[in-house]
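Every number for a ligand or one of its atoms is a count from 1 in the order of the listing. Positions are given from 1, in the same order as the sequence printed here. All of these numbers come straight from a predicted model, not from anything done at the bench. Side chains are part of it too, since the values below use all heavy atoms of this structure and drop only hydrogens, waters and symmetry mates.
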Amino acid sequence: MGLEDVFSLVMHLPIRYIDETIVTPIRDIQMGVLSQIEAEVVRAEIVYKPKKMLIVQVKDASSSLQLRFLHFYPSQMKMFEAGSRIRVLGEARHNLFAFEMIHPQCKPIKEGDVLPEALTPIYSLVAGVGQKTVKDAIHKLFIHFDLKNYLKDSFLPTIYEKLRLPNLYESLKSIHHPKDFKEVTSHETFTSKAYQRIIFDEFLAQQLSLRSNYLIRRALSAMPLKAKNKLTTIFMDKLEFELTEAQKKVVQEIKNDLEKNYPMQRLLQGDVGSGKTVVATIAALQVIENGSQVAFMAPTEILAEQHYRKLTGWLNPLNIKVAWLTGSQSKKDREISLNMTESGEANIVVGTHALFQEHVIFNKLGLSIIDEQHRFGVEQRLALRKKGQLDKAIEPHQLMMSATPIPRTLSMSYFADLDVSIIDELPKGREAIVTKLFSEDRRNEILKRVHEVCHQGAQVYWVCPLIEESEALQLQTAEETYLNMQCHFKDLKVGLVHGRMKSSEKQKVMSDFVKGNIQLLVATTVIEVGVDVPNATLMVIENAERMGLSQLHQLRGRVGRGSLKSTCILLFQKKLSELARQRLKVIFENTDGFIIAQEDLNIRGPGEFLGIRQSGAPMLRIANLNRDFKLLEEAKTIADQLLEDYPEASHLHLKRWLNHANERVKV
Ligand code: ADP
Ligand code: MG
């Protein structure tokens with residue numbers, strides 16, 4: 001079960017409790033309520049109707065009952081000899097012919113057997129390990145092992161006293177062996193002091209871990225890159241728009257960070273279209289005017305290529321060299337880029353995760369920018385961080401960007417090891433995107449609409465369904481849709497882009513779309529992140545009910561990027577699951593990414609919300625960010641102080657709680 005030491009065993013908490021302290025007369029049993037009876041076996045027989053099963057008739061002074069077993073062992077039969085007395089625990093119900101319990105737990109009553117005085121904890125199990133084994137193992141810890149000493153607090157009791165939380169030993173004792181129903185109820189709702197204590201400790205471990213990582217990185221050296229306001233000023237003067245107040249604020253925050261002699265660890269959050277790229281570019285300029293290099297990384301080729309184009313457009317006039325590095329470019333091009341990177345000729349190197357690779361050597365890397373950071377695995381992020389320069393003692397500054405707005409609760413927990421900047425405002429002059437829900441059978445109306453929009457000179461995205469089971473099938477659907485659209489719209493220029501295309505093909509299609517050579521772009525969800533074509537004003541998403549909220553939000557953010565009024569049509573199949581209905585309602589009613597993210601978190605819970613890509617997140621097993629937010633705040637408030645004042649106690653606390661998880665947390 002992975003319970004390898006005392007702590008993990010004693011932290012294997014009951015999933016529920018059952019009451020074996022009382023015996024119910026058969027006559028008083030309520031339907032569907034777990035009840036315990038004491039009865040005498042009348043007879044037991046194996047019948048075949050049609051499958052082999054064991055039927056046992058029992059009775060007590062009040063009435064009689066049938067027990068039915070579909071699986072049983074010969075060894076069990078002994079207990080069911082006529083006249084034996086047994087204790088039976090199960091849920092009773094009426095079937096057509098009898099009042100019965102199916103597969104109840106039974107045990108023979110021995111001489112002098114008394115009923116348990118406490119409620120019985122029920123633990124989660126794995127195949128081959130029985131309830132009794134686990135229960136006994138944990139019980140033994142309390143009896144034969146000095147748990148009290150083993151579980152003693154590493155911190156002074158004052159921090160717990162202030163919060164009125166009991167000590168860990170008492171807490172666990174009460175959870176494994178609750179005295180009464182009142183205690184059980186409060187355990188089951190996680191509101192008991194005992195649970196609060198454990199949840200607090202778990203949060204505290206998480207915060208201590210993240211904060212100590214933050215402080216460790218902060219103790220490293222980085223190149224201080226003073227704002228010289230040369231390149232940045234020229235750039236801003238040439239820029240075709242004014243920065244929003246929110247952009248100005250985060251530009252300032254990043255500017256200050258870069259001037260420090262320890263590495264920046266900043267996450268820039270901003271909804272889709274809030275204008276993160278320009279902020280990153282300004283940061284890059286500050287680095288370049290100090291003679292250092294910038295790595296700018298994006299999760300997909302399409303996106304990286306788009307950044308490359310945008311950056312060359314913006315920066316070539318300033319005599320800044322932008323290099324391009326991806327896994328799919330020709331060997332020759334790659335050689336050139338690698339050389340430019342190593343010699344320092346390239347000021348910025350834009351690319352996909354190809355930038356991480358061992359043989360990519362930077363001359364003087366001052367800053368790495370990671371766009372859509374949530375799409376990268378933690379290992380990749382770490383790899384880039386490690387990608388220092390010749391002098392390994394100097395770390396590059398790091399700027400991560402994410403358009404997945406993270407609710408504050410989650411952010412406080414998951415990103416406690418980062419400084420977070422938020423762009424909470426969209427550029428002015430953007431028309432709100434209108435979202436419409438259409439059921440499948442109104443497809444024709446939509447096709448008509450597509451035609452109109454294209455003829456008015458705007459462009460359209462048509463997003464094919466996400467088919468999770470099979471990428472091949474998804475591809476097939478996209479290709480079919482593409483052919484259908486070509487047939488249907490003889491007068492429109494239709495394009496297709498999907499994840500399996502060669503990157504050069506992909507780039508060709510995307511640049512044709514940007515230039516307006518393609519009017520209707522059929523796409524799989526590869527266009528999800530970052531793609532920026534202001535002239536696209538209509539997006540149709542097929543089978544929207546299959547997509548997650550953040551995905552829908554990201555997709556929808558591909559339109560409404562210019563000053564034209566944009567529409568997003570969500571096509572759905574009529575038979576909607578409750579979950580799908582909920583999701584569509586949220587996306588229909590909201591445009592603010594932070595609200596959508598909060599709803600998403602509510603619907604899915606933090607684990608799902610962050611997704612496997614985020615599995616580097618310190619796992620909270622018991623604590624729940626939403627439910628236990630208050631305790632998270634408490635833990636956060638004291639974590640830094642504890643690390644500073646009681647480093648050893650902090651270390652002990654971490655060791656206890658994050659023994660195995662810690663490796664992951666380090667990233
Ligand atoms: P995201 O934050 O989703 O990465 P982008 O950086 O791609 O957003 O910006 C979206 C679009 O808005 C781009 O065309 C960009 O040039 C433009 N933009 C950025 N900031 C402003 C601004 N302050 N005013 C007007 N347009 C802006
Ligand atoms: Mg972007």
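Of all atoms in ligand 1, numbered sequentially from 1 with element shown, those under 4.0 Å from a heavy atom of S274 are 2 (O), 8 (O). Every atom of ligand 1 is numbered from 1 in the order shown, and the set under 4.0 Å from a heavy atom of T244 is 23 (N). Of all atoms in ligand 1, numbered sequentially from 1 with element shown, those under 4.0 Å from a heavy atom of D271 are 2 (O). Below 4.0 Å from some heavy atom of L243 lie the following atoms of ligand 1, by number and element: 23 (N). Atom numbering of ligand 1 starts at 1 in the shown order; those under 4.0 Å from a heavy atom of T277 are 4 (O), 5 (P), 6 (O), 7 (O). Heavy-atom contacts of V272 reach the following atoms of ligand 1: 3 (O) (cutoff under 4.0 Å).
A salt bridge links E542 with R443: at least one charged nitrogen is closer than 4.0 Å to a carboxylate oxygen. The pair E245-K428 does not meet the salt-bridge criterion, since no charged nitrogen lies less than 4.0 angstrom from a carboxylate oxygen. Residues R309 and E305 are paired through a salt bridge, judged by an N-O separation under 4.0 Å between the basic side chain and the carboxylate.
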**OP:** Applying side-chain hydrogen bond (donor to acceptor under 3.5 Å, both in side chains), run through H553 and D271 and close with a yes or a no.
**Re:** CA-CA 9 Å; H553 179 64; D271 212 342; 2.6 Å; yes
**OP:** Please assess E545 against N543 for the test side-chain hydrogen bond (donor to acceptor under 3.5 Å, both in side chains), listing each intermediate value before the final yes or no.
**Re:** CA-CA 5 Å; E545 79 280 359; N543 287 110; 3.0 Å; yes
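Using a 4.0 angstrom heavy-atom cutoff, G273 counts as in contact with ligand 1. P534 does not count as a contact of ligand 1, since none of its heavy atoms falls under 4.0 Å from the ligand. A heavy-atom separation below 4.0 Å is not found between D371 and ligand 1. Ligand 1 has K310 within reach: a non-hydrogen atom of the residue lies less than 4.0 Å from it.
At least one N/O-N/O distance between K276 and ligand 1 falls below 3.5 Å. For G275, a nitrogen or oxygen atom sits less than 3.5 Å from a nitrogen or oxygen atom of ligand 1, counting backbone and side chain alike.
Taken to the nearest 0.5 Å, the CG atom of L492 stands 10.5 Å off from the CD atom of Q486.
Under the 3.5 Å distance criterion, with hydrogens and angles disregarded, a donor-acceptor pair is assigned to the side chains of T244 and Q247.
Neither the backbone nor the side chain of M401 comes within contact range of ligand 1; no heavy atom lies under 4.0 Å. Within the 4.0 Å heavy-atom criterion, the part of E242 lying near ligand 1 is the backbone and not the side chain.
Taking the six-membered ring for Trp and thresholds of 30 and 60 degrees, F235 and W314 have ring planes more than 60 degrees apart, a perpendicular arrangement.
When each of E259, M223, K364, K228 is paired with N290, the side chain to side chain contact (heavy atoms under 4.5 Å, CB included) condition holds for K228 and for no other.
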